[in-house]
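Below is one structure; the comments refer to it alone.
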2 protein chains.
Amino acid sequence: MKLSTRGEYGLRAMFDLAQHYGEGPIPIKSVAERQDISEHYLEQLIAVLRKAGLVKSVRGAQGGYILSRDPEEITVGDIIRVLEGPIAPVECLNTGEGEGCERAETCVTRDIWEKVRDSISDVLDSFTLADMVAKASKMQQNDKYYMYYI
Amino acid sequence: MKLSTRGEYGLRAMFDLAQHYGEGPIPIKSVAERQDISEHYLEQLIAVLRKAGLVKSVRGAQGGYILSRDPEEITVGDIIRVLEGPIAPVECLNTGEGEGCERAETCVTRDIWEKVRDSISDVLDSFTLADMVAKASKMQQNDKYYMYYI
DNA sequence: ATTATTACCGAGCAAACCACTAGGGATTGG
DNA sequence: CCAATCCCTAGTGGTTTGCTCGGTAATAAT
């Protein structure tokens, strides 16, 4: 029941772009440095995100990447689904109705996997990049206050 | 976001044992045949379930496996956790507090992964083997009625 | 026009993981 | 005894993961 690093890194990168939203194109190199991810590897992940239409690229010097939509309009689910494929604990949920399901009792378990999938989807779709940015700046604020107390 | 077949097969096997609960030891061979799983492979999975205390074994001829507890007292979550390891979409949730989390903003994503983990856990723990057996026999009942209509 | 900076692309690759298979041994009922 | 059954370890081919390497193309700054 694990994500690969693709989803993890990709989300961190998109969060980083959201934090710098409005500042023009952000070069992948700076994202990779801030998020401590291999630049070349991140390049491959963001290529997928670009093809899926979640980010736009600007080539050449002073170029970089920009979110295609406002951070409020991109959910964590959007990102994870692009990078990790369809959310489904077992493969048979992705095949068409009845295709992979020959065993009658398989459907008893299928029911469970469907509920799992839906609950994961619900959680992932309930967070936007804007939520994350807001949370992060709030946490930083708390850190500041904390400093005063020392 | 996939389970391996370990969880899938293991659950099917445990469901099978639940269906035959009260009939004495059930040989792994028959489970493997009914569930269409490689016998030797299933052997390895059930060994893990035995070590975790979910099934008891009876050796020798006429031997086999029996659920250690009543089907109502074994949840799908119990089985999945044993076979797939701790439910956690990212590794950092399994390490102790603050260990793997040096980046401040990682915690923004951590929050999300925690909610995902909890929702998966809730769903998996809400089903018992008894639920599955009940559902299966209901489905079979429906099939019967359906036959009359033809 | 040149150069530096960026995105873009494809190949390769070691390590890990998955889903088994093979080949035995130990225990017990008949 | 012997057949059935659980128990254990090791190997294995294929896939996936998480990268690295080495380039090409586009563009802003000079």
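The sequence lines fix the lettering, A, B, ..., with proteins before strands; numbering per chain opens at 1. The structure presented is a predicted model; accordingly, all values stated were derived computationally and were not measured.
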Report the distance from atom [atom1] of [X] to atom [atom2] of [N], rounded to the nearest whole Å.
{"X": "A:Leu45", "N": "C:dG10", "atom1": "CG", "atom2": "P", "answer": "16 Å"}
{"X": "A:Leu83", "N": "D:dC19", "atom1": "CG", "atom2": "P", "answer": "14 Å"}
{"X": "B:Lys2", "N": "D:dT15", "atom1": "NZ", "atom2": "P", "answer": "17 Å"}
{"X": "A:Tyr41", "N": "D:dG22", "atom1": "OH", "atom2": "C1'", "answer": "19 Å"}
{"X": "B:Leu42", "N": "D:dC6", "atom1": "CG", "atom2": "C1'", "answer": "12 Å"}
{"X": "B:Glu91", "N": "D:dT17", "atom1": "CD", "atom2": "C1'", "answer": "15 Å"}
{"X": "A:Arg6", "N": "C:dA16", "atom1": "CZ", "atom2": "P", "answer": "20 Å"}

Exercise. With the side chain counted from C-beta on, respond yes when A:Met1 and A:Val116 share a heavy-atom pair under 4.5 Å apart, and no when they do not.
Key: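 SC-SC contact between A:Met1 and A:Val116 confirmed.
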Quiz item: Choosing from C:dC20, D:dT20, D:dG18, which nucleotide comes nearest the side chain of A:Ser4?
Solution: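 Among C:dC20, D:dT20, D:dG18, the one nearest the side chain of A:Ser4 is D:dG18.
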Shortest non-hydrogen separation from [X] to [Y] and the atoms involved:
{"X": "A:Trp113", "Y": "B:Leu3", "value": "CH2-CD2, 3.4 Å"}
{"X": "B:Ala18", "Y": "B:Leu129", "value": "CB-CB, 3.9 Å"}
{"X": "B:Asp78", "Y": "B:Asp125", "value": "N-OD1, 4.3 Å"}
{"X": "A:Gln62", "Y": "A:Pro25", "value": "O-CG, 3.8 Å"}

Protein-nucleotides 2-7 of chain C N/O pairs under 3.5 Å:
residue: C:dT5; atom: O2; partner: A:Ala61; partner atom: N; Å: 3.1
residue: C:dA7; atom: OP1; partner: A:Ile28; partner atom: N; Å: 2.8
residue: C:dA7; atom: O3'; partner: A:Ser57; partner atom: OG; Å: 3.4

Quiz item: Are OP1 or OP2 of C:dA19 and a side-chain N or O of B:Thr5 less than 4.0 angstrom apart?
Solution: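 Affirmative; the distance criterion is met.
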Quiz prompt | Below 4.0 Å: OP1/OP2 of D:dG18 and any side-chain N or O of A:Tyr9 | solution =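 Answer no for this pair, as no side-chain N or O of A:Tyr9 is under 4.0 Å from OP1 or OP2.
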Quiz item: Is the base of C:dG23 touched by the side chain of B:His40 through a donor-acceptor pair closer than 3.5 angstrom?
Solution: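 Answer yes: a donor N or O sits under 3.5 Å from an acceptor.
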Quiz item: Hey, does the side-chain of A:Gln44 have a donor or acceptor N/O within less than 3.5 Å of a partner on the base of C:dC9?
Solution: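 In this structure, the two groups form no donor-acceptor pair.
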Quiz item: Distance from B:Met14 atom CE to B:Leu54 atom CG, nearest 0.5 Å?
Solution: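 That separation rounds to 4.5 Å.
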Quiz item: Under the criterion side chain to side chain contact (heavy atoms under 4.5 Å, CB included), which of B:Ile46, B:Asp16, B:Ile37 is the partner of B:Val31?
Solution: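 For B:Val31, the side chain to side chain contact (heavy atoms under 4.5 Å, CB included) check succeeds only for B:Asp16.
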